[in-house]
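Read the numbers this way: they start at 1 and go in the same order the structure lists the ligands and their atoms.
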Amino acid sequence: MEAPLDRSTIWPYEDGEPGPFYYARAGHPNGVAAERALGELEGGEAVLFASGTAATTAVALALLEPGKTIALADDAYYGTGVTLAELGRWGLRHVLFDQTAPPPEAADLVWIESPSNPLLTVPDFEAAAAHSSPVICDATASTPIHLRALERGCDLVVHSATKYLAGHHDALLGVVVCRRAEDAERLRAFRNATGAVAGPDAAWLLLRGLRTLEVRVLRQTETAQALAERLGSHPAVTNVRYPGFGGLLSFDVAGGDAARRVETGTELIANATSLGGVSSTIETRFRWEGTRVPPGLLRLSVGLEPLEELWTDLRRVLARA
Ligand SMILES: *Cc1c(COP(=O)(O)O)cnc(C)c1O
């Protein structure tokens, strides 16, 4: 059974001294329970944040300092570049690199993503791990079911737990899982000092979601594999990107107008952003990312609907793309 939801922000001192929980910003039972479960899944020490973006910000600000440089995979999640650009005002630099090749020497942190969202490239883990600086992997789209990045030589793993880990499009969360206990300690201190704490309701929903993570992700993978194959031989589809695992794929149609007809025409698949939920979502990414992606690119996050119903929905809109 799930531990009961505890929304307390305070817990009485014990004999005049703070116990394990005393003020919710410093720590709360549902958050700690979720961190324990995530730590086991990734094989490290987990620190929970209010969103994936808050987790990214915490890593950059807590583990680096002004003048340091992050080497960021050039096709990493669009928002990661936005966050790092924002932090540039405070003297943190970032450079882009091709994550299928070795990272640039002059970097104080290497930031890879597996597979990248939405171009679905997989990093060269060996080349990243051979770098002299720490390596962080955004494993949001893999989940720990398909990737344990700490075992592939990474020092830190970050997830938008909003996506597959919580899994139901109803909780906003992020997590950093650390190989070294001192990094987790530093991130917890930074989180308490800056306040980007995940609330107990979201942490409870995350734990609930983790109970079905494996069955969800395996089923989503099976359906996504079949859809990637069928899309690959559809005449209206010019390109399919699928790494062979996971529930996320992207494909291209003739151009922006055709892509818009597809995303606005599906009935079962919601035209919405985000990914990793039990219900499928589709969107063009050009609207957010501009020329980083082809205008005809559609990102599809495969949910738990039956394969044939999803294919019927896609085939119907592709016929008029
Ligand atoms: C959504 C996402 C993020 C950002 O997470 P939020 O929870 O939305 O802040 C980071 N990385 C990847 C790969 C994502 O898909």
Side-chain angles (χ1 to χ4, degrees), residues 31 34 38 42 46-61 70 72-87 94 96 99 109 111-123 136-147 149 154 156-177 187 191 194-199 201-203 205-206 209-210 217 220 224 241 243 245-250 272-277 280-285 287-289 292-293 297-303:
L38 290 164
E42 288 285 9
V47 187
L48 204 57
F49 288 92
S51 67
T53 303
T56 294
T57 304
V59 166
L61 292 183
I70 296 175
L72 174 65
D74 57 12
D75 59 343
Y77 169 62
Y78 171 64
T80 303
V82 172
T83 302
L84 296 185
E86 187 69 34
L87 299 181
H94 73 282
L96 302 178
Q99 68 169 352
L109 178 70
W111 198 299
I112 56 177
E113 182 171 311
S114 189
S116 64
N117 166 11
L119 295 178
L120 284 312
T121 69
V122 171
I136 181 165
C137 180
D138 185 331
T140 297
S142 279
T143 82
I145 303 304
H146 290 299
L147 172 68
C154 297
L156 302 151
V157 180
V158 62
H159 285 274
S160 168
T162 311
K163 314 291 171 53
Y164 289 99
L165 299 180
H168 295 73
H169 296 311
D170 58 6
L172 194 69
L173 288 150
V175 66
V176 183
V177 190
L187 287 168
R191 181 182 62 182
T194 55
V197 171
D201 291 74
L205 285 168
L206 171 58
L210 289 180
V217 169
Q220 285 161 340
R241 298 173 202 82
F245 59 90
L248 189 66
L249 59 92
S250 66
T273 195
S274 200
L275 56 104
S280 299
T281 53
I282 193 166
E283 70 164 335
T284 60
R285 288 299 296 176
R287 63 154 59 73
W288 300 116
E289 307 192 28
R292 270 169 52 102
V293 296
L297 179 147
L298 290 143
R299 187 183 69 190
L300 173 62
S301 170
V302 177

Once rounded to the nearest 0.5 Å, what's the spacing between atom CD of E113 and atom OH of Y77? 9.5 Å
What does the N/O contact table under 3.5 Å look like for ligand 1?
{"residue": "ligand 1", "atom": "5 (O)", "partner": "S160", "partner atom": "OG", "Å": "3.0"}
{"residue": "ligand 1", "atom": "7 (O)", "partner": "G52", "partner atom": "N", "Å": "2.9"}
{"residue": "ligand 1", "atom": "7 (O)", "partner": "S160", "partner atom": "OG", "Å": "2.8"}
{"residue": "ligand 1", "atom": "7 (O)", "partner": "T162", "partner atom": "OG1", "Å": "2.7"}
{"residue": "ligand 1", "atom": "9 (O)", "partner": "G52", "partner atom": "N", "Å": "3.2"}
{"residue": "ligand 1", "atom": "9 (O)", "partner": "T53", "partner atom": "N", "Å": "2.8"}
{"residue": "ligand 1", "atom": "9 (O)", "partner": "T53", "partner atom": "OG1", "Å": "2.7"}
{"residue": "ligand 1", "atom": "11 (N)", "partner": "D138", "partner atom": "OD2", "Å": "2.7"}
{"residue": "ligand 1", "atom": "15 (O)", "partner": "N117", "partner atom": "ND2", "Å": "3.1"}
{"residue": "ligand 1", "atom": "15 (O)", "partner": "K163", "partner atom": "NZ", "Å": "2.8"}

Could you go through H159 and L173, starting from their C-alpha distance and side-chain angles, then the distance that decides it, and tell me whether this counts as side chain to side chain contact (heavy atoms under 4.5 Å, CB included)? CA-CA 9 Å; H159 285 274; L173 288 150; over 6 Å; no
For N117, which of R299, K163, R285 qualifies under side-chain hydrogen bond (donor to acceptor under 3.5 Å, both in side chains)? R299
To the nearest 0.5 Å, what is the distance between CZ (R241) and CG (L300)? 12.5 Å
Would you please test V158 and V59 for side chain to side chain contact (heavy atoms under 4.5 Å, CB included) and show each step? CA-CA 9 Å; V158 62; V59 166; 5.6 Å; no
side-chain hydrogen bond (donor to acceptor under 3.5 Å, both in side chains) partners for H146, two or more places apart: T221
